[in-house]
Amino acid sequence: GYDPSRVRGLVPNENAADYAFVPFGAGEFRCIGDQFAMIEATVVLAMILRRYDLKPITSSLEEVGIDIAATFHTERGLRMRIRRREG
């Protein structure tokens with residue numbers, strides 16, 4: 001079950017929720033809109049990358065800290081510098 005002492009960061013991950021937290025669900029309880037949401041997120045990211053240059057502030061994955069459970073998470077976030085593209 002859910003254990004608040006295992007929460008790191010702003011939201012609980014799979015470990016803190018005993019793997020009950022999986023975005024869009026799974027199996028027979030899978031969200032019918034999951035494919036649409038993934039396509040929509042891809043389009044939004046493409047629109048952002050078309051207008052802005054994003055560069056990570058950190059220089060290595062060790063600085064970011066990757067937490068691998070059912071999904072990937074960063075332990076300290078992924079801070080970026082954003083610059084509007086010319087033209």
Side-chain angles (χ1 to χ4, degrees):
Y2 176 70
D3 181 358
S5 69
R6 293 189 286 185
V7 175
R8 294 182 306 174
L10 298 175
V11 295
N13 65 11
E14 293 81 14
N15 294 326
D18 196 22
Y19 289 86
F21 171 76
V22 178
F24 302 117
E28 65 182 293
F29 301 106
R30 186 173 176 182
C31 174
I32 62 170
D34 66 340
Q35 292 296 317
F36 173 76
M38 293 302 290
I39 292 169
E40 184 178 39
T42 302
V43 169
V44 169
L45 180 60
M47 291 173 71
I48 291 170
L49 293 175
R50 186 174 161 201
R51 295 182 179 138
Y52 299 93
D53 286 320
L54 284 77
K55 295 192 188 236
I57 292 174
T58 55
S59 59
S60 70
L61 287 178
E62 288 78 26
E63 289 181 56
V64 172
I66 300 296
D67 180 22
I68 302 173
T71 59
F72 288 96
H73 298 277
T74 60
E75 293 175 353
R76 293 174 283 284
L78 184 57
R79 298 180 54 103
M80 307 287 280
R81 270 192 219 294
I82 301 172
R83 186 177 57 86
R84 188 171 184 93
R85 291 178 182 241
E86 300 291 323

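Remember, predicted model here, so these are calculated numbers, not experimental data.
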**Asked** Does Val43 share a hydrophobic cluster with Leu45, counting links as ILVMFWY side-chain heavy atoms below 4.5 Å and allowing steps through other members?
**Response** no
**Request:** Check whether Ile39 and Ile32 end up in the same hydrophobic cluster, where Ile, Leu, Val, Met, Phe, Trp and Tyr are linked by side-chain heavy atoms less than 4.5 Å apart.
**Result:** no
**Item:** Minimum heavy-atom distance between Arg85 and Tyr52, given as atom pair plus value
**Value:** NE-O, 3.3 Å
**Item:** Distance, nearest 0.5 Å, that separates CD of Glu40 from CE of Met38
**Value:** 11.5 Å
**Message:** Can you tell me which residue among Thr58, Leu78, Ile57 is in a side-chain contact (heavy atoms from CB on, under 4.5 Å) with Glu63?
**Reply:** Thr58
**Prompt:** Roughly how far apart are Asp53 CG and Ile82 CD1, rounded to 0.5 Å?
**Reply:** 10.5 Å
**Request:** Examine Met47 and Leu54 and state if one hydrophobic cluster contains both, with Ile, Leu, Val, Met, Phe, Trp and Tyr joined whenever side-chain heavy atoms are less than 4.5 Å apart.
**Result:** no
**Request:** Report the distance from atom CD of Glu62 to atom CZ of Arg76, rounding to the nearest 0.5 Å.
**Result:** 9.5 Å
